[in-house]
Amino acid sequence: MPLYLKSQSEVDSYLDEIFMEDSRSNSYADLAFQIVKDVPGDKMYAPAPDNMLSVGINFAAGYGGLIWYCDGSLSRQVSAEFGHDVAHHPWVSLNPDPPHRDPRVMSDASCPTFFDRISTVPLPVIHAVVEEYFHAGTGFRPAKVQWAKGYYTGELDAEVAEA
């Protein structure tokens, strides 16, 4: 069942709960966030997302990875404001100073697939990016992290991964 957060204080409390060490029941987290403009009356139903920020976290390693994409009417807005390229590709976090060892951050538990080592960023960065996403409230791609073209699985585009 989707969780609808209505106020900034609800968002802040929720994020504190996710990132607070004492409240973690798992060393891994696989989260998906979206900004929803029109909340349906039946909150059991989640509308098709026109924006998505997916987050994979390995709390034990202290790293996570991010995937952002948009669709529908938001992609037209993003295309007009940031370019067609941004609006029509999934984007994966990119770390200019990646960890020396792969922290094994899962991007999709159903496959499973993992973020590339160079896509993993420290947890404080993950927290800041998710906060920015919610505070902006637009569904646009957050700016507090570098991005590279990738896939919905969290893997980088082959050209980026080889660079």
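Computed over heavy atoms, backbone and side chain alike; hydrogens, waters and symmetry mates excluded. By convention here, the first residue in the shown sequence is residue 1.
Here Thr120 contributes atom OG1 and Asn58 contributes atom CG; the two are 9.5 Å apart, rounded to the nearest 0.5 Å. Taking NE2 of His88 as the reference point, atom NZ of Lys149 lies at 11.5 Å (rounded to 0.5 Å). Atom CZ of residue Arg117 and atom CZ of residue Arg101 lie 11.5 Å apart, to the nearest 0.5 angstrom. Rounded to the nearest 0.5 angstrom, Ile126 CD1 and Leu66 CG are separated by 3.5 Å. Rounding to the nearest 0.5 Å places CD of Glu17 at 13.0 Å from CG of Asp12. Asp71 CG to Gln34 CD: the interatomic distance, rounded to the nearest 0.5 Å, is 11.5 Å.
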Note to self: Show, in sequence, the C-alpha distance, side-chain angles and deciding distance for Tyr69 and Tyr152, and conclude whether the ring pair (Phe, Tyr, Trp, His ring centres under 6.0 Å) test is met.
What the structure shows: CA-CA 8 Å; Tyr69 59 91; Tyr152 296 105; 4.9 Å; yes

Checklist line | Verdict with reasoning, Phe115 to Val92, per side chain to side chain contact (heavy atoms under 4.5 Å, CB included) | finding: CA-CA 9 Å; Phe115 284 97; Val92 179; 3.9 Å; yes

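The nearest pair of heavy atoms linking Val55 to Val130 is CG2-CG2, 4.0 Å. For the pair Gln146 and Pro96, the tightest heavy-atom approach, listed with the atom from each and the gap, is NE2-CG, 3.7 Å.
Using modelled atom types and a 3.5 Å distance limit, the side chains of Thr113 and Ser107 yield a donor-acceptor pair. Defined by atom type and a distance below 3.5 Å, a donor-acceptor pair is present between the side-chain atoms of Tyr133 and Asn51.
Between the side chain of Trp68 and the backbone N or O of Ser93 there is no donor-acceptor pair closer than 3.5 Å. Panel note: side chain Trp147, backbone Pro142; a donor-acceptor pair is recorded below 3.5 Å. Asp116 places no side-chain N or O within donor-acceptor distance of the main-chain N or O of Ile118, the cut-off being under 3.5 Å. Asp50 places no side-chain N or O within 3.5 Å of a backbone atom of Cys70 that could act as its donor or acceptor partner. Under a 3.5 Å cut-off, the side chain of Glu155 and the backbone N or O of Tyr151 do not form any donor-acceptor pair.
Annotation: side chain of Asp16 is in contact with side chain of His127 (closest heavy-atom distance under 4.5 Å). Side-chain contact between Ser119 and Leu156: present, with at least one pair of heavy atoms (C-beta onward) separated by less than 4.5 Å.
Taking hydrophobic clusters as Ile, Leu, Val, Met, Phe, Trp and Tyr residues chained together by side-chain heavy-atom distances below 4.5 Å, Tyr28 does not share a cluster with Phe19. Leu123 and Val125 fall within the same hydrophobic cluster, defined by Ile, Leu, Val, Met, Phe, Trp and Tyr side-chain heavy atoms under 4.5 Å apart, directly or through other members.
In this structure, Phe82 has its ring center under 6.0 Å from that of Phe140. Between Phe33 and Phe134, the distance separating the two ring centers is shorter than 6.0 angstrom.
Its side chain within the 4.5 Å cluster rule, Met106 clusters with Phe114 among the Ile, Leu, Val, Met, Phe, Trp and Tyr residues.
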